Amino acid sequence: MVGCTRSFNPDIERGSSYKFRSGHPEVRLSAIGYLDEEGQPYIHVASDIVYGSLFFRKNEGNLRATIDISLQIVDRNSGDLMYSKLYPTVIPAISKTPGQSQDVYTFEKKLQVPDGEYQVYLSVTDHNTERSITQASNVSIPDSGTSSLTNIRLMGKEIGNRSGNWFPITTYDVPGRIDSLKFIFQINSHSGSRFTIDSRLLRFESDTSAAKPMYANNYSPSSIAYKGIDYSSPDEIQSTRRVLTQEGNVTIEYPFANLDRGNFRFEVNATDESRNKTIFKARDFSRKSENYPTLKTPEELARPLIYLMGRGDHEELMSIQDSDTLKEQIDRFWLRNIQNKSDAKTILRLYYERVEEANKRFSNFKEGWKTDRGLVFILFGSPISIQEIHDTMTWHYSYNRENERYNYTFEKSSFKSEFYPFDYYLLQRDTEYYNLQQQQINLWLSGRIMLRKL
C-alpha cells in the first residue's frame, strides 16, 4: 500500500496522510531536499511509526517490537536507484500497554545526493506479523549553482516540553498539544542577487461542524459545509518582509505559538530582484484537537457523543467547564443506558475505537469523525463492500445491492486537484433514514450493538 505524501501542487507541502490499514504499521513520512552551508545537496527523511500499530513481544522480560525499515531513493528522471538500505530496528515499549499508545517512534536520516528530482520510498515491515506498508514522497533539490528556495520544513514542540527540542511534523494534521510551530526554509543566493522574502501565515475558512443526521436536508451548495474549505479568501494572520543581500545558503526560521484550531498555510515568495524572478513555496497544515487522532481528555470524549444524544442534551454536556464533572457525566451517560459496568466499558471502548479509526481514515480539513463517512462508519461499522463510480461512492451493508435501506451513497462535492487537495464526500441524505438511524442509536444505547450491526 503506497501513499504519496504530496498534493498535486509540488510547491505546496502538506506532509503525509495516515493511510490507515487495520493490522498494518502506521507510518508517516516527510522528505525535504535542501543545501547545507557548503552548498552540498541533502535529503532530510523523517518518519513517524505509531507504537500502537506494532506487535510487541516479551524478550528477556521486556516488551519489544522488531521491524525492518527500508529506505530507497530513486532518480525520477533516469529511474536509477540512488540509495537503498535496510535498517533492522528493535523498538522497546515505552509503557506496559504499547499496543494502545498513539505515541510515535521517529526515524530520521540525512542523506547526501546530487541535486535533482527524486522519489523517496520508506517501507516498514513488522517481523511479528509480516505485514508492511510503504509511504512515498517526491523531493526536489535545486542546483547549487542557481538561486533557489527550498521546500518548507514544519517543526513542532509540545506543551510542557522542558528539553526545548523541536521535532519534525510529518502530517497535514497537527495535534493541539503541540503548542509551538516553526517553519524552516533555505535561500540559495549568488553574487549580485538581492532577495526580497515575503512570508505570510494564512488561515482558511472551513467547516468544523459534526455531520448532520442522515435524515436531514442535504447541504446547500453555497454553504461552507458543502464546500468544506474555502481557499479563495484567506485571513492573513501575520506577514513579514525581509531583504537578503548576503551570498550562500541562508537558513531562515519563523516560529509561531498558540495558534487556534483551523486550517492554515505558511507561504513564502522569494523575489530575486536582480533577475526579476519570484519563487513560491508553502506548507499547509491543520490544527486539530489536543490528542488527535486519539481521544484522551473529557472534552475530546464528549464531542463525538453528539451522534448518540439529542442536540440539546449534547450542548448541555459540552457546556460543562470542569473536566472532572464532565468525565462523570460521560460515565453516567453510558451507565444510564447500559446498566452493567463491564458491558458499558466494552461498548464505550468500541465506540471510541471507531471514532479514532474514523479520524485516521477520513480526516481532511476537519477531524474524520465529523465527516459524513465518519458518521456512518461510527454508527454502522465497516461496509460489506464499497462501489465507486465517477464522483460517487456507495457503501453496501447488505449483499443485496438493490436494498436501498442498507446502501448509502456519498457524492464528491469538489474534485481533487492542485487547488483542492481533499477527497470530500457528502452523504446523499433521505428522510427515509430516520428510523434506521434511530434504530442504530438504540442498539448502541442498549448495548446490543455487539450482537448485530443493522
Side-chain angles (χ1 to χ4, degrees), residues 1-21 24-50 53-54 65-91 104-146 148-154 168-172 184-186 188 249 281 283 418:
M1 183 175 180
V2 177
C4 186
T5 65
R6 289 182 184 273
S7 63
F8 289 93
N9 190 330
D11 295 325
I12 302 177
E13 180 71 29
R14 299 186 67 251
S16 173
S17 59
Y18 286 90
K19 295 296 180 184
F20 177 82
R21 190 176 180 187
H24 290 68
E26 292 180 40
V27 181
R28 300 150 201 172
L29 173 67
S30 172
I32 301 289
Y34 69 101
L35 302 170
D36 68 8
E37 294 178 357
E38 285 73 40
Q40 296 299 316
Y42 282 88
I43 295 177
H44 178 269
V45 178
S47 177
D48 289 335
I49 305 167
V50 179
S53 68
L54 302 176
T66 305
I67 65 173
D68 279 341
I69 301 173
S70 173
L71 180 59
Q72 292 185 325
I73 300 176
V74 177
D75 187 311
R76 280 195 288 154
N77 294 321
S78 67
D80 292 340
L81 183 64
M82 305 297 294
Y83 181 90
S84 180
K85 189 169 182 179
L86 189 67
Y87 297 90
T89 306
V90 176
I91 302 177
V104 296
Y105 172 85
T106 300
F107 170 85
E108 286 189 86
K109 289 295 172 184
K110 174 184 172 183
L111 304 169
Q112 185 175 359
V113 295
D115 53 65
E117 304 289 327
Y118 298 98
Q119 189 87 13
V120 176
Y121 296 96
L122 187 139
S123 301
V124 174
T125 302
D126 189 329
H127 277 219
N128 292 319
T129 63
E130 295 303 322
R131 291 181 173 179
S132 63
I133 200 162
T134 300
Q135 287 275 25
S137 177
N138 293 332
V139 177
S140 177
I141 305 179
D143 183 351
S144 58
T146 61
S148 60
L149 169 66
T150 65
N151 281 93
I152 300 168
R153 291 176 63 197
L154 177 56
I169 294 178
T170 58
T171 59
Y172 175 75
I184 305 173
F185 58 92
Q186 286 180 320
N188 184 26
N249 302 303
K281 298 290 182 181
R283 175 57 155 97
E418 66 174 295

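Treat the numbers as computed from the prediction; the structure is a model and nothing was measured. Reckoned from all heavy atoms, side chains included, excluding hydrogens, waters and symmetry mates.
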### Task
Would you sort out whether R131 and D126 count as a salt bridge (charged side-chain N to carboxylate O under 4.0 Å, His left out), showing the intermediate values?
CA-CA 6 Å; R131 291 181 173 179; D126 189 329; over 6 Å; no
### Query
Measuring from I133:CD1 to L122:CG, what's the distance to the nearest 0.5 Å?
11.0 Å
### Query
Nearest 0.5 Å, what's the CE-CD distance between M82 and Q119?
14.0 Å
### Query
Is a side-chain N or O of Q135 found less than 3.5 angstrom from the main chain of V27, in a donor-acceptor match?
yes
### Message
Quick check: closest heavy atoms across Y34 and T150, and the distance to 0.1 Å?
### Response
CA-CG2, 3.9 Å
### Message
Could you check whether any side-chain heavy atom of S47 comes within less than 4.5 Å of a side-chain heavy atom of I49, counting everything from C-beta outward?
### Response
yes
#### Entry: Donor + acceptor pair across side chains of D68, T125 (<3.5 Å)
no
### Message
Quick check: closest heavy atoms across G15 and E13, and the distance to 0.1 Å?
### Response
N-OE2, 3.6 Å
### Query
Distance from I67 atom CD1 to Y105 atom OH, nearest 0.5 Å?
6.5 Å
### Summary
Rounded to the nearest 0.5 Å, the CG atom of D48 sits from the CD atom of E108 at a distance of 8.5 Å
### Task
Work out which heavy atom in R28 is nearest to a heavy atom in S16; give both atom names and the distance.
CA-OG, 3.5 Å
### Query
Under a 4.5 Å cut-off applied to non-hydrogen side-chain atoms, are Y121 and L71 in contact?
no
#### Entry: Note, L54 side chain near I91 side chain (heavy atom, < 4.5 Å)
yes
### Message
Testing the basics here: between V139 and R76, what is the closest heavy-atom pair and its distance to 0.1 Å?
### Response
O-NH2, 3.9 Å
### Query
If we ignore angles and hydrogens, is there a donor and acceptor under 3.5 Å between the side chains of S30 and T170?
no
### Message
Please tell me whether N77 and E117 have a donor and an acceptor in their side chains that are separated by less than 3.5 angstrom.
### Response
no
### Message
Ignoring hydrogens, what is the shortest heavy-atom contact between L81 and S84? Give both atom names and the distance.
### Response
CD2-CB, 3.7 Å
### Task
Might you work through the side chain to side chain donor-acceptor pair (under 3.5 Å) test for S123 and T134, ending with a clear yes or no?
CA-CA 4 Å; S123 301; T134 300; 2.7 Å; yes
### Minimum heavy-atom distance F20-E26, with the two atoms named
CE1-OE2, 3.6 Å
### Message
If I take atom CG from residue L35 and atom OG from residue S148, how far apart are they, to the nearest 0.5 angstrom?
### Response
5.5 Å
### Query
Are F185 and R283 side-chain neighbours, meaning at least one heavy-atom pair lies under 4.5 Å?
no
### Message
I want to check something: taking the side chain as every heavy atom from C-beta on, are I32 and I43 in contact at a cut-off of under 4.5 Å?
### Response
no
### Task
Mind checking the CD-NZ spacing from Q72 to K85? Nearest 0.5 Å is all I need.
13.5 Å
